Amino acid sequence: MKIAIAQNNYHVGNIEANTNKINEQIIKAKAQKADMIIFSELAICGYPPLDLLEQKSFIEKSQKAINNILMHVEDIVVIVGAPSINDDPQGKKLYNSAYVLEHGQIKKIVHKTLLPTYDIFDEYRYFEPNEVPEVVEINGHTVAITICEDLWDEQPVDQPFAQSRLYKKAPMKKLAGNSPDLIVNIAASPFSYNQEQKRKGILKRNAHDYQIPLIYVNQVGANTDIIFDGASKVLNTNGEIIKQLKRFEEDFDIVTLEKIEKQGANIQNPSETRIQQIHNAVVLGIRDYFKKSGFEKALLGLSGGIDSAVVAALACEALGSKNVHGLLMPSEFSSDHSVSDAEKLALNLGMPHHTLAIKEIYNIVNSTLSPAFPNNNFDVTEENIQARIRGLLLMAYSNKHGNMLLNTSNKSEAAVGYSTLYGDTNGGLSPIGDVYKSDVYAIARYINRDETVIPAGSIEKPPSAELRPDQQDSDSLPDYDILDRMLFEFIERKQSVDDLIGMGFNKQDVLKVTHLVNINEYKRFQFPPILRVSSKAFGMGRRYPIVAKY
């Protein structure tokens, strides 16, 4: 049996475009004599559809799309993900389902058993879980069809209390009892640089332990903040990956079921480093955010620092240099080399830019405020005024020219609140808001791997907001190599203050940093969408109460 794997980039809610893409892939598969083609989870409507699932018209359009696809289902079996209606009035109105289409008819609808409700996932809000996993006979073969989390039939390591009842269902153990010839897993599994090995391990364990070949078909592309890396896989009964589709790109391939067991590991795609993966994920995230939201041109402030330089380079790669505009907005505290580094960067990238000095505006604002400030000593207020003036100019340019403003804050700054509301928190998208400062430097070096794009001065100079004379980030924070390790343990790994001190971090640093993280939740609540590249990004996947005291 020849099986086509269709790894596509879907657009949430754009059901017509998604359906057209699916039909094109079916025609392509039939031309190559495939017996079956597999698409990813909720391919019809895109993932995650969120509260669109609560609109009757949305579900009706999804149902009509299935009927449209059925007109192309001749001499081929199609497995495609879409929401289906639950007729039982006692449960949720919908299932997250895999439709098996054959001979112009719906042969079977298989429902998802394990509905994730952790991190960015909230599927139990919308879907009813399946209780009895079933196999499907396809072309004389018994196929166990699973949907993403159904393979994760163990309690998640980082979720010791949640979902214990659901994970006792163990759908794969029940399906394996039917001795299937093949496991198919249709997925919408988001990218995370610190979860890839775990995902591979789950796939390998299922294929090896049950001695059943496995085909995993993942979505690719970005929908708002969530990025899908594709990397669909075929595994033999030894748990070896014998084929992997491209990462961060659409792809299509055909495998023969009878050959999977005999074939050894033969991965053609070279492995990528963690930094390469983050780089590629952010570029894809920017490109899809603009394309799917209807924007073409980006804007950002160029300070001469590392963060704005990296965001500019990533945006130029994603959108093309002519579509990325920069504003240089020096103040009286900006160093000459910062201005020259920003100018060099714009020249190296070939991006249009303007210089708008803010000294005169800054003086006017201070003069205007002076009657209301009895003590006119320079403090953080004057620092924030500069950031907000820059935010004002950037938003004015955005309004006038229709460019979407890119936020340039990194995760380290967002974590501890080192950003000014309505100043450098402005933006329609935050490309590196889930990237720690240490990794921002590593991405800069990766961008410069073949030629100098980001000037050496931006990489080598001590990090500074340049909002007062001789200011450096290290004046008030631990060095970033220490800070970022501490933040990773506190945010991603959810370690406590006592845990951090036990790991050897300085007690006063721990108390200060964790306090800053906790009290700045209100700022992060007002951030633009942050492209998610880790297992715990700020935003939908990390929901902490703003007024909590813990």
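The first residue in the sequence is number 1, and the count goes up from there. Everything numeric in this text was worked out from a predicted model, so none of it was measured.
Between Phe121 and Tyr118, the distance separating the two ring centers is shorter than 6.0 angstrom.
Checked by atom type, the side-chain pair Lys344/Thr452 shows no donor-acceptor distance below 3.5 Å. Counting only N and O atoms by type, the side chains of Ser496 and Asp499 include a donor and acceptor under 3.5 Å apart. Residues Ser534 and Lys411 have side chains that bring a donor and an acceptor to within less than 3.5 angstrom of each other. When only modelled atom types and interatomic distance are considered, Asp424 and Ser419 share no side-chain donor-acceptor pair under 3.5 Å. For Glu272 and Asn280, the side-chain atoms include at least one donor-acceptor pair closer than 3.5 Å. For Asp51 and Tyr126, the side-chain atoms include at least one donor-acceptor pair closer than 3.5 Å.
For Arg449 and Tyr446, the positive end sits near the middle of the six-membered ring, less than 6.0 Å away and at most 45° from its axis. A cation-pi arrangement is absent between Arg445 and Tyr441 under the rule of less than 6.0 angstrom and at most 45 degrees off the ring axis.
A salt bridge links Glu196 with Lys233: the distance from a Lys NZ or Arg NE/NH1/NH2 to an Asp or Glu carboxylate oxygen falls below 4.0 Å. A salt bridge is absent between Arg532 and Asp434; no separation between the charged side-chain nitrogens and carboxylate oxygens falls under 4.0 Å. A salt bridge links Asp307 to Lys437: at least one charged side-chain nitrogen sits closer than 4.0 Å to a carboxylate oxygen. Between Glu296 and Lys322, none of the side-chain N atoms (NZ, or NE/NH1/NH2) sits under 4.0 Å from a carboxylate O, so this pair counts as no salt bridge.
With values rounded to the nearest 0.5 angstrom, Leu349 atom CG is found 7.5 Å from Ile454 atom CD1.
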Carefully, step by step, assess Phe333 and Phe378 under the rule ring pair (Phe, Tyr, Trp, His ring centres under 6.0 Å).
CA-CA 13 Å; Phe333 305 115; Phe378 186 100; 5.7 Å; yes

Verdict with reasoning, Tyr10 to Phe228, per ring pair (Phe, Tyr, Trp, His ring centres under 6.0 Å)
CA-CA 10 Å; Tyr10 301 107; Phe228 302 93; 9.7 Å; no

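When Ile432, Ile278, Leu531 are each tested for a side-chain contact (heavy atoms from CB on, under 4.5 Å) with Leu314, only one passes: Ile432.
A distance-only check finds no donor-acceptor pair linking the side chain of Thr408 to the backbone of Ser308 [under 3.5 Å].
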